[in-house]
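Working notes for the structure below.
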Amino acid sequence: MARLVMKFGGTSVGSVERIFHVANLVKRTVDAGNEVAVVVSAMAGETDRLIDLTRSVSGGQSDVNLDYAEYDSIVSSGEQVSSGLLALALQARGVRARSWLGWQIPVRTSSTHGSARILEVEGADISARLAAGEVAIVPGFQGVTDESRVATLGRGGSDTSAVALAVGIAADRCDIYTDVDGVYTTDPRIVDKSRRLEKIAFEEMLEMASLGAKVLQTRSVELAMVHRMPLRVLSSFDQSPDSNTGTLVCDEDEIMESQEVSGVTYSRDEARINLLQVPDRPGVAAQIFGSLAKANINVDMIVQNVSRSATQTNMTFTVRETDIDRALNVLNQEQRAIGFSEITFDKKVAKLSVIGVGMRSHAGTAHTMFEALSAKGINIQVISTSEIKISVLVDEEYTELALRALHTAYGLDTIQE
Ligand code: ADP
Ligand code: ASP
Ligand code: MG
């Protein structure tokens, strides 16, 4: 017997039939003698629909001026519906179950509406009900702020709700049921030769998630890693998923042999900015990135070159494509104070990354990457590295070609007949 959190994503609860299937999986897990808390996403497409509704009512208001507390109260409602529906489907199968909204538990969050962080999940009440044999159904993606307002956790946030609940109720494991049967070497929707990984280290999964693999929200992996919560990704479409299916996200030392590269990711949500003829003096980088930080704009890759001129240099960096208009605004306002001559930018870029704890002990990982891209005639615009990943920025139109080339170059392809 174990205490488990089972999380089901949007596609897994996307129709009444899917909800019945989920109810059967939950019932089977309960009948096997486990205590079960379930976290659900909104039915597939529902969050997008609610966001569109919000935008159409708020008219021409820019995102900066939107009342994000109201936005959260609207977009969190999708999960309220799916959790209630699943509770009813379970009751119809003779399973005692009830739904718990974020504020009823409570799931306490920061007040950064639209992308709040979970601060604490008070698991005592749910734990007592689980111990008494009741199933708890919790809507993902939502929590409550100190001001008693509903807050949402950013897109894909139900994964984080699931891990935080698992920590809050001291579960033995958190199982993330989705529309693929595990974590793959790369996005299986794009590369049909991608392979399911039986195990992946927390550190690798954290990099993969933050570099574009949206199978798990980054924060959920971070929480699981910090709290050493075993995390499993598996398919809700399997007829009988069990502990031998899916991918286990675990400590590095539980994996016998680490590959040089475990996974390849891509992100199209990137934009490149170049500042030309930036004065080459102490404090200028602090000035540029300070003004962007003040506007809450994250900067990712940064390149500053030694230039021929003793007094000027060029600066290249990337921001999320969704932030570029705000970034250009901030930089234009600061142009005189910083003293650069011109801004150029490109929104049609993509970041490709190769990730693996094994690259710590392998020489030539970067060389393999650059050679594979060059063989396809793909130009590299910016490079950045850390201990277990290498990322490059390329023209967006080459994303899929580059992804496949890298997947092959590191020997990750499945052998297909
Ligand atoms: P859910 O609605 O269950 O949360 P998501 O759509 O958020 O599901 O995440 C699952 C999707 O993530 C898959 O359908 C797949 O296309 C995508 N994905 C991207 N990279 C990977 C990867 N490396 N392994 C598995 N899935 C991936
Ligand atoms: N429903 C939310 C979204 O679509 C949260 C989630 O599914 O994880 O982003
Ligand atoms: Mg998701």
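Residue numbers count from 1 along this sequence.
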When you compare the side chains of Asp413 and Thr408, does any donor N or O come within less than 3.5 Å of an acceptor on the partner? yes
Between Asp269 and Lys214, is the closest basic N to carboxylate O distance under 4.0 Å? no
Quick check: do Leu86 and Val13 have side-chain heavy atoms less than 4.5 Å from each other? no
Separation of Glu334 CD from Gln287 CD (nearest 0.5 Å): 7.0 Å
Quick one: list whatever passes side-chain contact (heavy atoms from CB on, under 4.5 Å) with Asn296, sequence neighbours left out. none
I'd like to check Thr152 versus His113 (side-chain heavy atoms, cut-off strictly below 4.5 Å). Are they in contact? no
Evaluate the side-chain proximity of Thr185 to Thr414: yes if any heavy-atom separation is below 4.5 Å, no if none is. no
Are any non-hydrogen side-chain atoms of Ile378 and Leu401 less than 4.5 angstrom apart? yes
Spacing of Ser158 atom OG and Leu153 atom CG [to the nearest 0.5 Å]: 7.5 Å
For the pair Lys7 and Asp159, evaluate salt bridge (Lys or Arg N to Asp or Glu O under 4.0 Å) and give the outcome as yes or no after the intermediate values. CA-CA 7 Å; Lys7 180 258 169 179; Asp159 298 329; 2.7 Å; yes
Looking at every heavy atom in both Ala201 and Glu252, which two are closest together, and how far apart are they? CB-CA, 3.9 Å
Using a 6.0 Å distance limit plus a 45 degree cone around the ring axis, check whether Arg55 lies over the aromatic ring of Tyr71. no
Report yes or no: do Ser262 and Glu204 form a side-chain donor-acceptor pair below 3.5 Å? yes
Test your reading of the model: is there a side-chain donor-acceptor pair from Arg232 to the backbone of Thr245, 3.5 Å cut-off? yes
Would the number of heavy atoms belonging to other residues, nucleotides or ligands and lying under 6.0 Å from CZ of Arg155 be above 12? yes
Please determine whether side chain to side chain contact (heavy atoms under 4.5 Å, CB included) holds for the pair Ile118 and Val107, giving the CA-CA distance in whole Å, both sets of side-chain angles, and the decisive distance to 0.1 Å. CA-CA 7 Å; Ile118 295 184; Val107 175; 4.0 Å; yes
Tell me, do Gln381 and Val394 make a side-chain contact under 4.5 Å, heavy atoms counted? no
Could you tell me whether a side-chain N or O of Arg195 sits under 3.5 Å from a main-chain N or O of Leu412, the two making a donor and an acceptor? yes
Do the side-chain N and O atoms of His407 and Ser194 include a donor-acceptor pair separated by under 3.5 angstrom? no
Do Gln142 and Ser161 have side-chain atoms, one donor and one acceptor, less than 3.5 Å apart? no
Under a plain distance cut-off of 3.5 Å, with no hydrogens placed, do Thr160 and Gln217 share a side-chain donor-acceptor pair? yes
Please evaluate residues Arg326 and Ile324 with respect to the criterion side chain to side chain contact (heavy atoms under 4.5 Å, CB included), reporting the C-alpha separation (whole Å), side-chain torsions for both, the decisive distance (0.1 Å), and the verdict. CA-CA 5 Å; Arg326 289 199 302 125; Ile324 185 151; over 6 Å; no
Counting only N and O atoms by type, is there a donor-acceptor contact under 3.5 Å from the side chain of Glu207 to the main-chain atoms of Ser386? no
Tyr184 and Thr247, any side-chain heavy atoms less than 4.5 Å apart: no
Determine whether Leu373 and Lys376 make a side-chain contact, defined as any pair of heavy atoms from C-beta on separated by less than 4.5 Å. no
Heavy-atom check, side chain of Glu396 versus side chain of Tyr398, under 4.5 Å: no
Using a cut-off of 6.0 Å, state whether more than 12 heavy atoms not belonging to Arg117 lie near its atom CZ. no
Could you grab the distance from atom CG of Leu275 to atom CD1 of Ile338, nearest 0.5 Å is fine? 7.0 Å
How long is the gap from CE on Met315 to CG on Asn305, to the nearest 0.5 Å? 11.0 Å
Between Arg3 and Asp172, does any NZ, NE, NH1 or NH2 come within less than 4.0 Å of an OD or OE carboxylate oxygen? no
Electrostatic pair Glu270:Arg320 at N-O distance under 4.0 angstrom: no
If I compare all heavy atoms of Pro279 with all of Val284, which pair ends up nearest, and what's the gap? O-CG1, 3.4 Å
Taking the basic N atoms (NZ, or NE/NH1/NH2) and the acidic carboxylate oxygens, is any pair closer than 4.0 Å for Asp146 and Arg108? no
Flag yes if more than 12 heavy atoms outside Glu198 fall under 6.0 Å of its CD atom; otherwise flag no. no
Taking atom types as modelled, find out whether Ser99 and Ser83 have a side-chain donor-acceptor pair closer than 3.5 angstrom. no
Test your reading of the model: is there a side-chain donor-acceptor pair from Asn34 to the backbone of Val30, 3.5 Å cut-off? no
According to ring pair (Phe, Tyr, Trp, His ring centres under 6.0 Å), who are the partners of Phe317, at least two apart in sequence or on a separate chain? Phe289
Less than 4.0 Å between a side-chain N and a carboxylate O, is that true for Glu35 and Arg129? no
With a 6.0 Å cut-off (strictly less than), is the heavy-atom count around CD of Gln312, excluding the residue itself, greater than 12? yes
Pair Asp179 + Arg189: basic N to acidic O under 4.0 Å: yes
When you measure from the side chain of Ser77 to the backbone N and O of Ser73, does any donor-acceptor pair fall under 3.5 Å? no
Taking side-chain hydrogen bond (donor to acceptor under 3.5 Å, both in side chains) as the test, write out the residues that go with Lys389, two or more places apart. none
Answer yes if the side chains of Ser210 and Thr218 hold a donor-acceptor pair under 3.5 Å, and no otherwise. no
Pairwise distance CD1(Ile19) to CG(Asn24) - rounded to 0.5 angstrom: 12.0 Å
Between Arg268 and Glu400, does at least one N-O distance fall below 4.0 Å, as a salt bridge requires? yes
Go through the steps to decide whether Glu70 and Arg149 satisfy the test salt bridge (Lys or Arg N to Asp or Glu O under 4.0 Å), and finish with yes or no. CA-CA 9 Å; Glu70 290 309 336; Arg149 302 219 56 182; 3.0 Å; yes
Salt bridge or not for Asp251 and Arg228, using N-O below 4.0 Å? yes
Roughly how far, to the nearest 0.5 Å, is OG1 of Thr186 from CG of Leu403? 4.0 Å
